[in-house]
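So the structure is just underneath, and the comments pick up after that.
Each residue takes its place number in the sequence, starting with 1.
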Amino acid sequence: MDIRLKKYSHSMTTKLIVFMIMLACFSGVMQAIANLVSVNDGDVGIVFEDNYFFSESYVRESENLISELTRLLGKYKSEENILKGGTINKDDQRMEEQNLFSEFQIDSKSYNPNLSEAENYEKFKVDYADKISELKDQMIKRDLREFHFLLNNIEEVKDPLYYASDGVNVYTNSTMKDKEQFKDYPSYMVFEGYKSDIYPKEIEANKYLNRITMELDEWGTENHAMYVAFPKKFLDSKINEWKEKKVNSTKGFYYLLGFSAGFILSFLYLAFVTGRKSFKDEELRLYAVDKLYIDLNILLCIGLITLWVLILDFLEIPNNLNWVIPITIPFSAACFVLILSMVRHVKNRTLFKHTLIYQIVKGLVQFVRNVYDSGNVGVKTVLIVIGYPLLIALTFFMFPITIGFAAWFALKKVKSFKAIKDGVERIKNGEIQHSIEIGGKGEFANLAANINSITDGLKNAVENELKSERLKTELITNVSHDIRTPLTSIITYVDLLKNEKDLSKIAEYTEVLDQKSKRLKFLTDDLFEAAKASSGNIPVHLEKIDIESLITQGLGEVSEKIEELNLEFKFNHPNAKVYVTADGKLLWRSIENVLSNIFKYALKGSRVYINIEDLGKDILLTFKNISAYELNISADELMERFKRGDESRSSQGSGLGLSIAKSLIDIQKGKFMIQIDGDLFKSIICIPKHSNE
C-alpha cells in the first residue's frame with residue numbers, strides 16, 4: 001500500500017513539474033511574440049531579410065517623403081494654384097453640395113418627405129444659400145491647410161536628400177538640381193516621367209518597393225522629376241540600426257521557436273497522462289474540477305482569455321513588456337486546468353454527455369417518457385380507436401362489412417398519409433430533391449403534387465437565400481473594412497489628443513481627424529444613397545429625354561477630369577435624334593456613376609468609347625474603356641456592393657457606384673449590366689425608347 005502511495009505521489013509530482021514547465025514555456029511564447037512585435041515596429045519579416053536594401057526598413061526611409069512630394073506636385077502644385085481654385089473641379093463642388101443636401105435631409109425641419117426630390121432640393125437651395133456660396137472658399141481653405149501640412153513635413157526632412165519638380169514648382173532640401181549630382185551618393189532613386197533609375201540595382205528586387213512605385217504611377221509625366229539620395233553617413237547609420245534590429249529579432253524568433261517546442265511537448269505529455277498514473281495505466285481518474293459541465297467549462301475559458309486580452313490591452317502591451325509573464329501565468333494556469341479537464345472527459349467518452357445542455361434535454365425526454373408510460377393518454381386513444389367501432393359492430397349486424405370496407409379505405413389513406421409524412425420529413429431534413437409518389441387521384445394525390453411543386457420552389461428559394469446570405473456576409477465584411485479604417489484612425493487620434501500638450505501636434509492630429517471624418521461621412525452618404533436606391537423609395541418622373549444632348553452636356557461638365565487623365569472620348573450615335581423615356585436627373589446620376597468609375601479605373605491616355613444604338617423599342621447605351629488594373633473578379637462580383645478590384649483597393653471610392661447605377665436604372669424600367677473581356681470593361685444601359693403614340 002505504501003509503495004502504491006509513493007508511486008502515485010511521484011506521478012503527481014512529475015505532472016506538477018511538467019505543468020509548471022508548460023506554463024513557463026507558454027508565458028515565454030507570449031513574451032517572445034510581444035518582443036518580436038515591439039522590435040522594428042512589428043516588422044517580424046526582418047528575421048528573413050538578408051540585405052538592408054531588400055528590407056522594409058529601407059523603403060520606409062523614403063516612402064512617406066515620396067508620397068508627400070507626389071501629393072504636393074500632383075494635386076496642389078503651389079499656394080497660388082490653390083488660391084486660384086486650381087485644385088477644385090465641378091465634381092468636387094457638386095459632391096460637397098450633395099453632402100450639404102444630405103445634411104439638409106437629415107437635420108433640417110424644412111425637409112418634407114411627402115414632396116418630390118426636386119421640390120425639396122429647391123427648398124434646400126433657399127435655406128442653405130449662404131452655406132452653398134461659401135463652399136468653394138471652404139474647399140480652398142481645406143486644401144491650403146493640407147498643403148501647408150505637407151510642406152511642413154517635407155521641410156523637416158534633413159536626410160535623405162530630395163529634389164522634386166513638375167517643370168514649374170520645385171521642392172528640395174539641397175542645392176543640387178542635376179540628377180547626376182544625386183547619383184554620386186551610395187544609394188539613390190531617380191524618377192523622371194515614367195522612367196526610373198535606382199541604385200544599388202538589387203533594390204529593384206525589394207518586394208516592398210511597389211509601395212513607392214504605385215504612388216508614382218499616377219503622377220509621372222515628361223515634365224515631372226524626383227530625385228532622392230542617401231548620404232553615406234545617414235545610410236551607414238540606418239544599416240547599423242537595421243543590423244541591430246535584425247540581431248534582436250532573430251534572437252527573439254529563436255526564443256519563440258524554443259519556447260513553442262517546449263510548450264507543445266509538455267502539453268502533449270500532460271494530455272497523454274492526465275487522469276492516469278502513467279502511459280500504461282488503463283484506469284482513468286476524474287477530479288473535482290471535472291464535475292464542472294463542459295459547456296460551462298468552455299464559457300469560463302473564453303471569459304478568462306477575454307479578460308486576459310483586455311488586461312494586456314489596458315497595460316498597452318507590447319509597450320510594457322515586463323507585465324506579460326506576471327499577467328499570463330495565472331490566467332494560462334486556470335485555462336489549462338480547464339482544458340485538461342476536457343481532455344479527461346474525451347478519454348472517458350463523456351465530453352458530450354457531461355454538458356449542461358445534454359442533461360437538460362435528457363431530463364425533458366425522461367419526463368415525456370414517464371408521462372407516456374403512465375398510460376393515461378395511450379389508454380384513452382386505444383378506447384376511442386378500437387372500442388368505438390366494436391360498440392357499433394355489436395349494435396348493428398351490417399356494420400362488420402362496413403367496418404371492413406372503412407378499415408381498407410382508412411388503411412389506404414393512412415399509407416398515403418404516411419408516404420406524404422415521410423416525404424415531408426425527408427424534405428425537412430434537407431433532401432429537397434426527393435419527390436413524393438402517390439398513385440391515383442384525390443386530395444392526397446393533389447397534396448403530394450403540390451408539395452412536389454413546393455420543393456421546386458424551395459430549391460430556388462434555398463439557392464437565392466444562400467446567395468443572399470453570401471452577399472450580406474460580404475457586404476458586412478467590406479462595409480466593416482471600409483468604415484473601420486477611418487473610424488480606427490479617428491479613435492487613435494482622439495486617444496492621442498487626450499494626452500498631447502504640443503499645440504503643433506494637436507493641429508496635425510485635428511487635421512487628420514478632419515480628413516478621416518470626411519472620409520467616413522462620404523462612405524455613409526454613399527451607403528445611404530445605395531440603400532435608398534435599392535429600396536426603390538425614390539420618386540421617378542418619366543419624361544422625354546434627348547439622350548445624345550444629355551451625354552454631350554454631361555461630358556462638357558467633366559471635361560476638366562477628362563483632360564487631367566488624358567482620356568480620349570469617342571462618341572458614336574445615330575444621325576437622327578434619339579429620345580428615351582426616363583427621369584433626367586436619375587438617368588444622369590447613373591451615367592455620372594459610370595463615368596466616375598471610368599475616371600477612377602481607366603488606363604491613363606487610353607480611349608473611351610460611348611455608343612448609342614437604336615434597338616427599336618429600347619435604346620442601348622454602351623461605355624467601353626481599358627482598365628488600368630487587372631480585372632481578376634467576375635462581372636457579377638463587380639456589381640455587388642462595396643466591391644472593387646484587388647488592384648484598386650486603395651482607392652478613395654466606396655465601391656457603391658455601379659450598384660447605385662443599377663438600382664436607379666431598374667426603377668426607370670431599364671436594365672444595367674457590365675461585361676469584362678480581358679482588360680476591356682463595358683457598362684451597358686438599356687432604357688425604353690420614347691414612344692410618340
Side-chain angles (χ1 to χ4, degrees), residues 1-33 256 258-314 323-370 373:
M1 188 69 179
D2 292 338
I3 295 176
R4 290 182 183 179
L5 187 60
K6 288 181 180 180
K7 287 184 177 180
Y8 181 73
S9 176
H10 177 74
S11 173
M12 291 299 294
T13 303
T14 303
K15 292 177 185 177
L16 182 60
I17 292 173
V18 175
F19 186 79
M20 294 174 66
I21 292 173
M22 180 186 68
L23 293 181
C25 290
F26 180 77
S27 300
V29 169
M30 295 297 105
Q31 180 78 50
I33 292 174
L256 176 62
F259 283 126
S260 298
F263 165 70
I264 293 171
L265 291 174
S266 57
F267 178 78
L268 290 177
Y269 172 82
L270 290 174
F272 278 118
V273 302
T274 185
R276 295 189 172 95
K277 295 179 181 179
S278 63
F279 289 105
K280 298 180 180 180
D281 189 8
E282 296 183 359
E283 182 183 356
L284 186 71
R285 293 175 178 83
L286 298 178
Y287 306 109
V289 69
D290 299 330
K291 295 180 180 180
L292 183 67
Y293 289 117
I294 297 297
D295 36 12
L296 298 181
N297 185 326
I298 293 172
L299 290 175
L300 189 56
C301 280
I302 294 173
L304 288 170
I305 293 171
T306 304
L307 183 59
W308 173 68
V309 172
L310 291 175
I311 292 175
L312 292 181
D313 183 63
F314 176 77
W323 286 98
V324 174
I325 292 179
I327 296 298
T328 301
I329 287 178
F331 280 95
S332 60
C335 282
F336 283 119
V337 166
L338 296 173
I339 290 171
L340 291 174
S341 173
M342 288 189 282
V343 171
R344 287 191 290 273
H345 279 290
V346 170
K347 293 181 177 181
N348 198 40
R349 298 181 181 179
T350 54
L351 183 66
F352 178 70
K353 292 181 179 180
H354 194 65
T355 60
L356 182 60
I357 295 175
Y358 177 83
Q359 296 299 323
I360 292 173
V361 173
K362 181 181 177 182
L364 289 174
V365 171
Q366 189 64 40
F367 174 77
V368 172
R369 180 176 296 172
N370 291 337
D373 291 341

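Counting only heavy atoms from C-beta outward, the side chains of Asp290 and Thr350 never approach each other to under 4.5 Å. Inter-residue side-chain proximity for Val337 and Tyr287 is flagged as unmet; no heavy-atom pair is nearer than 4.5 Å. Contact annotation: the side chain of Ile21 approaches that of Cys25 to within less than 4.5 Å [non-hydrogen atoms, C-beta and beyond]. Looking at Asp295 and Tyr358, their side chains never come closer than 4.5 Å, going by heavy atoms from C-beta outward. A heavy-atom distance below 4.5 Å is found between the side chains of Leu338 and Leu292. For the pair Met342/Ile298, a side-chain contact is recorded, criterion being any heavy-atom separation below 4.5 Å from C-beta on. When side chains are defined from C-beta on, Val18 does not count as touching Val273, because their heavy atoms never get closer than 4.5 Å.
Taking every heavy atom of both residues into account, Ser27 and Thr328 meet most closely at OG-CG2, 3.8 Å. In terms of heavy atoms, Arg285 sits closest to Arg344 at O-CD, 3.8 Å. Taking all atoms of both residues into account, the shortest heavy-atom contact from Ile339 to Cys301 is CG1-SG, 4.4 Å. Annotation for Lys291 and His354: closest pair O-NE2, 3.2 Å, computed over non-hydrogen atoms. What you find for Val289 and Ser341 is that their closest heavy atoms are O-OG, 3.9 Å.
Judged purely by atom type and a 3.5 angstrom limit, Gln31 has no side-chain atom pairing as donor or acceptor with the backbone of Leu256. Of the possible donor and acceptor atoms, one in the side chain of Lys347 sits under 3.5 Å from a partner among the backbone N and O of Thr274.
Leu23 contributes atom CG, which lies 13.5 Å from atom CZ of Phe331 (distance to the nearest 0.5 angstrom). Taking CE from Met30 and CD1 from Ile329, the interatomic distance works out to 12.5 Å, rounded to the nearest 0.5 Å. Atom CZ of residue Phe352 and atom NE2 of residue His345 lie 14.0 Å apart, to the nearest 0.5 angstrom. Lys15 contributes atom NZ, which lies 10.0 Å from atom CG of Leu340 (distance to the nearest 0.5 angstrom). The structure places CG of Asn297 at 12.5 Å from CG of Leu356, a figure rounded to the nearest 0.5 Å.
Atom CG of Leu265 is surrounded by more than 12 heavy atoms from other residues, nucleotides or ligands within 6.0 Å.
In terms of the ring-ring contact (aromatic ring centres under 6.0 Å, His included) criterion, residue partners of Phe263 (sequence neighbours excluded) are, by chain and number, Phe26, Phe336.
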